[in-house]
Student: 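Here it is: the structure, laid out below.
When a ligand or atom number is given, it counts from 1 through the structure's own listing order. Excluded from the calculations below are hydrogen atoms, water molecules and symmetry mates; all remaining heavy atoms, backbone and side chain alike, are included.
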Amino acid sequence: MDHYHRTVLKQEVINLLRPQPGMLYFDGTLGSGGHAQAILNASSPTGRLIGVDWDEEALEIAKSRLKEFGQRVMFVQDNFKNVGRLLKDLAVVSLDGALLDLGVSSEQLEKADRGFSFLSGGKLDMRMDRRRERSAYHLVNELKAPELERILWQYGEEKWARKIVRAIRLRRTRGHPITTTKDLAEIVASAVPRAHHPKRVHPATRCFQALRIAVNDELGNLEAFLQEIVKFLKPGAKIVIISFHSLEDRIVKRSFKSWAGGCKCPPQLPRCICGKKKMLEVLTRSPIIPSPEEIRENLRSRSAKLRAAERCISYIERQK
Ligand SMILES: C[S@@+](CC[C@H](N)C(=O)[O-])C[C@H]1O[C@@H](n2cnc3c(N)ncnc32)[C@H](O)[C@@H]1O
Ligand SMILES: [Zn+2]
């Protein structure tokens with residue numbers, strides 16, 4: 001259906017997870033339910049799915065789209081970083097597969113009142129979970145200049161961070177808060193010298209991405225999730241993560257690598273004292289990216305990178 005967020009790398013996710021009847025899957029970024037629907041179809045008639053999203057509106061869309069699957073889907077409104085607690089609440093001890101498809105959905109991006117986009121011109125917001133306290137408005141109007149500059153530089157690799165923050169501060173000292181996405185986009189565009197405006201995208205693109213990452217603590221959530229989820233994967237279960245930003249991809253790559261490293265004790269020791277067990281086998285040496293056809297049909301997919309790993313069979317550990 002055309003009005004839903006277009007699901008990225010759908011077939012690749014299914015090929016990796018290989019959903020089966022009777023199995024239980026975890027989708028931590030349910031969004032409009034595109035991947036979830038494919039997983040449920042592929043695991044018919046008895047595969048089940050725990051669908052998590054912290055955005056109430058996304059959950060409503062997914063609930064309506066996945067209605068036909070009835071009791072096979074459990075919907076949870078939460079941050080996926082709380083996976084340990086939420087699985088415990090559901091009395092789930094192990095999973096047959098887990099998926100994250102990071103970032104924002106087109107529904108979030110395109111709705112002006114969510115305040116993500118300089119194209120739709122709503123109030124500056126960018127919270128995926130509107131129960132969170134600090135929005136982009138608060139960061140832009142209240143953060144100390146060095147912290148704001150760090151965010152733009154670190155999360156957006158924005159070369160002009162200092163000049164942009166100077167322009168924001170000037171506006172603040174005049175006593176007019178920056179309230180809309182359009183307002184901020186104009187300030188950014190005027191702070192970046194015209195000769196350095198990027199050719200294909202708006203000059204505020206990096207800045208908006210950086211603020212979004214900070215507002216939602218996107219990197220922190222991912223790190224916390226990767227620490228927790230592995231303990232819940234059954235031997236042979238797969239974990240699949242699609243990221244859209246080099247910082248996210250680096251976190252996934254490092255975490256998989258660290259879970260895939262076994263005992264670090266020197267070989268002359270008679271037995272292991274470090275206690276490190278190999279938990280994951282990495283399935284993607286380099287990330288899987290969308291085909292040129294997919295990118296042509298869905299431009300948003302162009303920066304997608306998929307990494308997958310499998311829980312090792314050799315070491316079976318139960319949650320205490
Ligand atoms: C790219 S969309 C997912 C699209 C979905 N896979 C599909 O095919 O329709 C990402 C979704 O993840 C959600 N999300 C992002 N970070 C989250 C977090 N830390 N916890 C829970 N949901 C999160 C967003 O609210 C958004 O709905
Ligand atoms: Zn050891």
Student: Side chain, backbone, both or neither: which part of D129 comes within less than 4.0 Å of ligand 1 when only heavy atoms are counted?
Tutor: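 It is neither; nothing of D129 touches ligand 1.
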Student: Among all protein heavy atoms in this structure, tell me which lies nearest to atom 15 (C) of ligand 1, with the distance rounded to 0.1 Å.
Tutor: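 So the nearest neighbour among protein heavy atoms is M128 SD, 3.4 Å.
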Student: How far is atom 14 (N) of ligand 1 from the closest protein heavy atom, and which atom is that?
Tutor: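 In this structure, atom 14 (N) of ligand 1 has W54 NE1, 3.4 Å as its nearest protein heavy atom.
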Student: Between OG1 of T180 and CD of E186, what distance do you get to the nearest 0.5 Å?
Tutor: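 Atom-to-atom, T180:OG1 and E186:CD are 7.5 Å apart.
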Student: To the nearest 0.5 Å, what is the distance between CD1 (I242) and CG (L100)?
Tutor: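 One finds 9.5 Å between CD1 of I242 and CG of L100.
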Student: Please report which non-hydrogen protein atom sits nearest to atom 10 (C) of ligand 1, along with the residue it belongs to and the distance in Å to one decimal place.
Tutor: G103 O, 3.1 Å
Student: What's the SG-the Zn ion (ligand 2)-SG angle here (C272, C263), rounded to 10 degrees?
Tutor: 110°
Student: Does an N or O anywhere in R65 fall below 3.5 Å from an N or O of ligand 1?
Tutor: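 Between R65 and ligand 1, no N or O pair is found under 3.5 Å apart.
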Student: Within ligand 1, which atoms have a heavy atom of S32 less than 4.0 Å away?
Tutor: 9 (O)
Student: Can you sort out which atoms of ligand 1 are near V104, meaning under 4.0 Å from one of its heavy atoms?
Tutor: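 By the 4.0 Å cutoff, the relevant atoms are 1 (C).
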Student: Kindly indicate, with the supporting measurements, whether the criterion side chain to side chain donor-acceptor pair (under 3.5 Å) is fulfilled by Q37 and N41.
Tutor: CA-CA 6 Å; Q37 185 181 49; N41 276 329; 5.2 Å; no
Student: To the nearest 0.1 Å, how far is atom 4 (C) of ligand 1 from its closest protein heavy atom, and which atom is that?
Tutor: D101 OD2, 3.3 Å
Student: Quick one: does N221's side chain have a donor or acceptor within less than 3.5 Å of a partner on D217's backbone?
Tutor: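 Pair found, side chain donor or acceptor close to backbone of D217.
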Student: Where on N221 is there a heavy atom closer than 4.0 Å to ligand 1, on the side chain, on the backbone, on both, or on neither?
Tutor: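 It is the side chain that gets close, since no backbone atom is under 4.0 Å.
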Student: Which of the numbered atoms in ligand 1 are below 4.0 angstrom from a heavy atom of H5?
Tutor: 1 (C), 4 (C), 7 (C), 9 (O)
Student: Carefully, step by step, assess D125 and R114 under the rule salt bridge (Lys or Arg N to Asp or Glu O under 4.0 Å).
Tutor: CA-CA 6 Å; D125 190 329; R114 303 302 303 262; over 6 Å; no
Student: Do the side-chain N and O atoms of H202 and T205 include a donor-acceptor pair separated by under 3.5 angstrom?
Tutor: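 No pair is found: no donor N or O on one side chain lies under 3.5 Å from an acceptor on the other.
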Student: Do E107 and S32 have side-chain N/O donor and acceptor atoms under 3.5 Å apart?
Tutor: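 There is such a pair (donor and acceptor under 3.5 Å, judged by atom type) between the side chains of E107 and S32.
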Student: Give a yes/no verdict on whether any heavy atom in Q108 is under 4.0 Å from an atom of ligand 1.
Tutor: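 It does; at least one heavy atom falls under 4.0 Å.
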Student: Would you kindly specify which portion of N216 sits under 4.0 Å from ligand 1, judged on non-hydrogen atoms: side chain, backbone, both or neither?
Tutor: neither
Student: Below 3.5 angstrom, do we get any N/O pair linking N79 and ligand 1?
Tutor: yes
Student: Would you say the side chain of L119 lies within less than 4.5 Å of the side chain of L109, judging by non-hydrogen atoms?
Tutor: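 Result no, sub-4.5 Å side-chain heavy-atom pair not found.
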Student: One residue to check: E218. Relative to ligand 1, which of side chain, backbone, both or neither has a non-hydrogen atom less than 4.0 Å away?
Tutor: neither
Student: Below the 3.5 angstrom mark, is there an N/O of G34, backbone or side chain, next to an N/O of ligand 1?
Tutor: yes
Student: Compute the shortest N/O to N/O distance between R300 and ligand 1 and return yes if it is under 3.5 Å, no if not.
Tutor: no
Student: Return yes when L102 approaches ligand 1 closer than 4.0 angstrom through a heavy atom, no otherwise.
Tutor: yes
Student: I would like to know whether S105 and H5 meet side chain to side chain donor-acceptor pair (under 3.5 Å); could you show each step before the answer?
Tutor: CA-CA 6 Å; S105 66; H5 167 94; 4.8 Å; no
Student: Given V83, L30, T7, which has its nearest heavy atom closest to atom 5 (C) of ligand 1?
Tutor: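 Residue with the shortest heavy-atom distance to the ligand atom: L30.
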Student: What's the verdict on side chain to side chain donor-acceptor pair (under 3.5 Å) for D55 and Q108, showing C-alpha distance, side-chain angles and the deciding distance?
Tutor: CA-CA 9 Å; D55 177 358; Q108 290 166 329; 2.8 Å; yes
Student: What distance separates I229 CD1 from F26 CZ, expressed to the nearest 0.5 Å?
Tutor: 5.5 Å
Student: Looking at D183 and K123, does any basic side-chain N land under 4.0 Å from a carboxylate oxygen?
Tutor: no
Student: Between E158 and R206, is the closest basic N to carboxylate O distance under 4.0 Å?
Tutor: no
Student: Please list, in number order, the atoms of ligand 1 under 4.0 Å from a heavy atom of G28.
Tutor: 21 (C), 22 (N)
Student: Please determine, by modelled atom types, if N298 and E294 share a side-chain donor-acceptor pair under 3.5 angstrom.
Tutor: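 The answer is no; no qualifying pair exists.
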Student: Give the numbers and elements of all ligand 1 atoms closer than 4.0 Å to a heavy atom of D55.
Tutor: 25 (O)
Student: Is it the case that the side chain of R172 and the backbone of V140 share a donor-acceptor pair, with hydrogens and angles ignored and the cut-off at 3.5 Å?
Tutor: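 Yes.
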Student: Below 3.5 Å, N or O to N or O, backbone or side chain included: is there any such pair between H35 and ligand 1?
Tutor: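 Among all N and O atoms of H35, at least one is under 3.5 Å from an N or O of ligand 1.
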Student: So, F208 versus F116, ring centres under 6.0 angstrom or not?
Tutor: no
Student: Considering only non-hydrogen protein atoms, determine which one is nearest to atom 12 (O) of ligand 1 and report residue, atom name and distance to 0.1 Å.
Tutor: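 In this structure, atom 12 (O) of ligand 1 has T29 CB, 3.2 Å as its nearest protein heavy atom.
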Student: Counting non-hydrogen protein atoms only, what is the nearest one to atom 20 (N) of ligand 1? Give residue, atom name and distance.
Tutor: F80 N, 2.9 Å
Student: So which protein heavy atom does atom 27 (O) of ligand 1 come closest to, and at what separation?
Tutor: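 Ranked first by proximity to atom 27 (O) of ligand 1 is D53 OD2, 2.6 Å.
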Student: Are any of the heavy atoms in K81 under 4.0 Å away from ligand 1?
Tutor: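 Heavy atoms of K81 never come under 4.0 Å of ligand 1.
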Student: Would you mind telling me if ligand 1 is within reach of the side chain of V8, the backbone, both or neither, using heavy atoms under 4.0 Å?
Tutor: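 Neither part.
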Student: Can you tell me if D78 contacts ligand 1 (heavy atom of the residue under 4.0 Å from the ligand)?
Tutor: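 So D78 counts as touching ligand 1.
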